[in-house]
Amino acid sequence: MKKKVSMAVGGFDTGGGAGIESDIKAMESVGVHGVGAITAITSQNTLGIREILPVSPKFLASQLSAILEDFDVRTVKTGMILDADQMKVVSDLLYHKPMVVDPVIYAKDGTKLIGDLDAFKSILLTKARVVTPNVPEAEALSGEKIRSVEDSRRAAKKIHETYSVPLVVVKGGHLQGEEVVDVVYDGSSYLVLKFPRIEQRHTHGTGSVFASLMAALMAKGLDEYRALERASSLIKDAIYSGLEIGKGVGPVDPMARLEIEAMKYRVFEEMREFADFVERRENFHRLIPEVQSNLAHGVTPNYVRGLQDIATFRGRIIKRWDGRVVVGLPPVFGYPTHTARLLLSIIQKGETADTLMNIRYDSTLVGIFRKIGYDVVEVDRTKEPPHGEGKTMGWLVEYVYSEYGRIPNVIYDRGAVGKEAMIRFWTSSIQEMMDSLDSLLKEWKP
Ligand SMILES: Cc1ncc(COP(=O)(O)O)c(N)n1
């Protein structure tokens, strides 16, 4: 097997959240082999940096040579580089490689990671292909105060002109506002990228991971703009999945996208098995209402960001005229079915719901649910206010939550004018769903 190789140069974070380990994780997450040269060992955790042990410039040079003499290093990402001597080594040995420079002037806790800013500007920044400052870093590099997107543009232009960096990416996370606005300048035009702000406390290593993704994607042959676009999308998942693993600011998770994609594959497999189960199970048609059934099944609930992470059968679970049950079409993610919307609303209320199905209402079935140990709640749909199609599932969950403070596994209603009575049932796994449906069919003798 062959893989492209990208190199990270920076500090070692004992907490695995930023620096070299996060760089290599980020590179590996997009299928690039990451190699690394260490400038300093930090004793660090989510609460901050305690001590820094610098590596001698000579030993840094030795690491770089060992790497360069053996691997075809396509791109380089730099982070913590302490002093002028280290910077000279990096510049002398790597000036010919496309470098993505993350100007980590200060760590989250305020510790200086680039000890000599003047040396950094003159020795390293001038060799960068791409530089990725956040707002405080862009202020330090440009000497401009940044309070608005307009200021970011001015700073980006100034950094480009002063240090001849071909592509300057000023990340807007530190500015106020509902949207995060990144400003990109390449010497002739601006690109302004806007993203909805993600509420997240655990953002340690965001800058390291973003710059490493850019370097890795460029190593794979993407041009700077394509790499930027992809890295921006991936970093959102990494931030969204920020890890609560210490007492302080936890790290972002560069593995998030890979894990979500792997889970989605498993969801498809399990739904295929579920389709076989309902098509083969004797008497299954008895559970299917006139409006037909569907199954919603998502990735692990705490990874669910929206309907894009929940799958339902595009053609539903159909009871045919002859009593056969057919799942005619494959599952799809992000399809706004009733069951998908209901499962999403239940997850958003904090339940570890993984699978949900609607089945026909029958008072005996409700009794069996109770007998096998599920919490059951009845909802009176005549109380539903008039609102458009697409609002019902959200209303249902709000209504149940306001009455009970949680969402029981079984929610049923006896219908209303023009609305068929229905049981909606959620479980923590698809296996539990199948086992429970089996029990219903065994116990129910209509
Ligand atoms: C070794 C090392 N490199 C980079 C950072 C910056 O990351 P952050 O800004 O999240 O503290 C860090 N804390 N440690």
Side-chain angles (χ1 to χ4, degrees), residues 6-27 34-55 59-60 63 76-83 86-87 90 99-117 120 124-125 128 131-141 169-175 180 182 198 200-215 231 234-236 238-254 256:
S6 186
M7 186 199 309
V9 183
F12 180 86
D13 169 0
T14 44
I20 291 284
E21 307 98 291
S22 70
D23 295 336
I24 290 176
K25 277 188 257 182
M27 290 170 178
V35 294
I38 291 183
T39 56
I41 303 172
T42 67
S43 46
Q44 184 173 178
N45 58 27
T46 60
L47 295 167
I49 297 177
R50 294 182 182 184
E51 233 179 306
I52 294 174
L53 178 68
V55 160
F59 190 66
L60 179 59
Q63 296 176 69
V76 174
K77 177 265 172 181
T78 69
M80 173 182 193
I81 301 184
L82 278 167
D83 55 33
Q86 287 193 342
M87 288 169 204
V90 174
M99 269 201 264
V100 179
V101 172
D102 178 20
V104 274
I105 301 171
Y106 299 104
K108 284 265 177 313
D109 68 353
T111 308
K112 261 189 151 175
L113 299 180
I114 289 177
D116 187 338
L117 191 56
F120 173 76
L124 213 58
L125 200 48
V131 64
T132 58
N134 58 28
V135 162
E137 292 160 353
E139 289 183 331
L141 298 180
V169 182
V170 177
K171 299 171 296 181
H174 289 71
L175 289 177
V180 172
D182 294 345
I198 301 166
Q200 177 60 267
R201 170 170 134 81
H202 304 292
T203 56
H204 177 44
T206 306
S208 302
V209 171
F210 178 74
S212 299
L213 287 169
M214 285 237 24
L234 293 168
I235 195 70
K236 280 201 287 298
I239 295 172
Y240 193 90
S241 305
L243 300 171
E244 300 168 35
I245 54 170
K247 299 183 184 72
V249 177
V252 298
D253 187 359

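Source: prediction; values computed, not measured. Just follow the structure's listing: the first ligand is 1, and inside any ligand the first atom is 1.
Atom-to-atom distance recorded for Asp116:CG and Leu82:CG is 10.5 Å, nearest 0.5 angstrom.
Closest approach of Ser22 to Gly17, counting heavy atoms only: CB-O, 3.3 Å. Nearest approach of Ile38 to Leu60, heavy atoms of both residues: O-CD1, 3.7 Å.
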Just the distances, no angles: every ligand 1 N or O to protein N or O pair closer than 3.5 Å, one line each.
| unit_1 | atom_1 | unit_2 | atom_2 | d |
| --- | --- | --- | --- | --- |
| ligand 1 | 9 (O) | Lys108 | N | 3.4 |
| ligand 1 | 10 (O) | Lys108 | NZ | 3.1 |
| ligand 1 | 10 (O) | His204 | ND1 | 2.9 |
| ligand 1 | 10 (O) | Gly205 | N | 2.8 |
| ligand 1 | 11 (O) | Lys108 | N | 2.8 |
| ligand 1 | 11 (O) | His204 | ND1 | 3.4 |
| ligand 1 | 13 (N) | Gln44 | OE1 | 2.8 |
| ligand 1 | 14 (N) | Gln44 | NE2 | 3.2 |

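The salt bridge (Lys or Arg N to Asp or Glu O under 4.0 Å) test applied to Asp23 returns Lys77, not counting sequence neighbours. Residues passing the side chain to side chain donor-acceptor pair (under 3.5 Å) test with Thr111 are Asp109, sequence neighbours excluded.
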Going by atom type alone, with no hydrogens or angles, which donor-acceptor pairs under 3.5 Å involve a side-chain atom of residues 41-48 and a protein atom two or more places apart or on another chain?
| unit_1 | atom_1 | unit_2 | atom_2 | d |
| --- | --- | --- | --- | --- |
| Thr42 | OG1 | Phe12 | O | 2.7 |
| Thr42 | OG1 | Gln44 | NE2 | 2.9 |
| Ser43 | OG | Glu51 | N | 3.1 |
| Ser43 | OG | Glu51 | O | 3.4 |
| Asn45 | OD1 | Leu47 | N | 2.8 |
| Asn45 | OD1 | Gly48 | N | 3.3 |
| Thr46 | OG1 | Lys247 | N | 3.3 |
| Thr46 | OG1 | Gly248 | N | 3.0 |

